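For reference, the structure is listed below as structure tokens.
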Amino acid sequence: MGEMIVTRALTKQFGPILAVDRLDLTVATGEVLGFLGPNGAGKSTTMKMITGFLTPTSGTASVRGHDVSKEPLAVKSRIGYLPEGAPLYADMTAAGFLRFIAQVRGLSGRRAQECVDRAVELTQLKGVLRQPIETLSKGFKRRVGLAQAILHDPEVLILDEPTDGLDPNQKHQVRQLIREMAAAGGKAIVLSTHILEEVEAVCSRAIIVAKGRIVADGTPAQLQARSRYHNAVTLTVQAPASALEELARLPGVAGVEDLSPPKDAGGVAGGVGVVRCTVIPKKGEVVAERVSRHAREKGWAIDQLRVESGRLDDVFRQITAA
Amino acid sequence: MMRGLLPVFRRELSGYFITPVAYVFIVIFLILAGVFTFQMGQWYEANQADLRVFFNAHPWLYLFLIPALSMRLWAEERRGGTIELLLTLPVSRAGAVLGKYLAAWAFAALALALTFPLWITVNVLGRPDNAAIVAGYLGSAMMAGGFLAIGAAVSAATKSQIIAFILTVMLCFGFLLAGFAPVLDFFRGWAPAFIVDTVAGFSFLTRFDGIAKGVLQLQDVVFFGSLIAACLAANLIIVEAKKAA
């Protein structure tokens, strides 16, 4: 596994604001890295420095061993980059725009046409090639941006919020595309996102940044394991209202969150009703077996019982809110 | 060094023609050139087989039309965020600056070239000094290049095309009138004589007066050449400094 992207103490200062603070990051071939963090955490700034748009205040960023400050063109020709919001030349047609990108990438003739065709195929742009980009829907615009980024089949793909503002179908398509590119192999893909399910869906590794520093780094499963919901049990049962306290007293249980729907006024107080809750285990404990046994012993009818693997958004808040 | 110049040049130049900009610009340029030459310049009445009145109008035509051409060069990229796209493609900064500039210049030169019927007319009506006319055209193209270089640098400094337009008109107006009393008086009050002389030397009008007569001197070429080079260098620095703002 080669090292594709390496940053060393990468730092960017905007006046009094320290946007990126001595960031060390290594991304290897085959990795799909999800870059997470609240707004203003330094995700975009880091990407802008790796792609050579912004000059680092200090530290270095290199792609395939080429330092972006010293050999910007060597770096830029190896990267495909989708900037935040996917800016495009709005008055060009999609076809004209992709041809321009091919020319800038040093492709010409048959080779250029093949690359454009391949990118168009992957991003399903065929129907809108002759239209001016400004007349396209948001989803198509984003796909033109993606087509532009993957046109030269780059070793390193950097996507700044690739699915932001898209509808669920479009998001699915973009994720599908990222997965396909990753499966093809030989690439390193870095994408930033606010959508945590996206990280679970496409990333092999996730990094959480806050205030310009990396605060968590691991596989999505490892990060989920840091959640207090890791191995938590969410269940829906027909039980008396006292069920919540009973569950909370079980060994190894740290707490119970009540998720029951609001009771009707004058409902079955003290009687049997629908109880929905999440049982949160103490760290390192597994309580699913105990919970289900307890329910059976008490004769509660179990409608639903599910063990959670952890919630990324919970980890995210826990880590970044501090 | 200049990687990406050609694709950027081609994209910019074709960009003028996929929007109405090119057609509006060329039509207005030709109409105004005609008005200045025939109505105000009284070219027929003067009964001279040369294009002096035509060329004399050019500084004033360019004063408003060239900033309209240059204002979008960088301001539009910055407003639309495409500057981030452009500068993360394998294009050298110098290639991008020069490619854009040359495209605008080529377009201005095309508009200028489309005044050729006038040149044919003068040849039909009389026996003009065609060498002088060629010199006039070349000088006019160089002056347009000077205006454009100023405008390109200003455009890189702002996201607003309107601001770029107004500032460029003001700057170009200053350069035009640098040899005339109002500007010189402004400097005479406090600046030493050599500065006043230097300012006077920057006057486009004074310089172009000779060119309109058909005398294109080496020093004029050097003057416009160095002005353009200086403005493009400034353009490069401004793009670098303001790209992220």
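Just so it is clear, the structure is predicted and the values come from calculations on it, not from any experiment. Below, chain A is the first sequence line, B the second, and so on; all start at residue 1.
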Worksheet item: So which part of B:Leu87 gets closer than 4.5 Å to some heavy atom of chain A, the side chain, the backbone, both or neither?
Response: both
Practice prompt. Taking all heavy atoms of A:Ala119 and all of A:Ala147, pick out the closest pair and write down the distance.
Written response: CB-O, 3.7 Å
Worksheet item: Is there a donor-acceptor contact under 3.5 Å linking the side chains of B:Ser140 and B:Tyr62?
Response: yes
Worksheet, complete the sentence: Pair count under 4.5 Å, heavy atoms only, with chain A: among B:Val91, B:Leu86, B:Thr82, highest is B:Thr82
Discussion item. Using a 6.0 Å distance limit plus a 45 degree cone around the ring axis, check whether B:Lys100 lies over the aromatic ring of B:Phe9.
Written reply: no
Practice prompt. Give a yes or no on whether a salt bridge exists between A:Arg205 and A:Glu31, defined as a side-chain N under 4.0 angstrom from a carboxylate O.
Written response: yes
Discussion item. At a heavy-atom distance under 4.5 Å, which candidate from B:Glu76, B:Arg10, B:Glu240 has the highest pair count against chain A?
Written reply: B:Arg10
Fill in: A:Ile101, part contacting chain B, at a heavy-atom distance under 4.5 Å
side chain
Item to complete: Identify which part of B:Leu5 has an atom lying under 4.5 Å from any heavy atom of chain A, answering side chain, backbone, both or neither.
Response: neither
Item to complete: Establish, yes or no, whether a centroid distance under 6.0 Å links the rings of B:Phe204 and B:Phe224.
Response: yes
Practice prompt. Pick one of side chain, backbone, both or neither for B:Thr19, based on which atoms fall under 4.5 Å of a heavy atom in chain A.
Written response: side chain
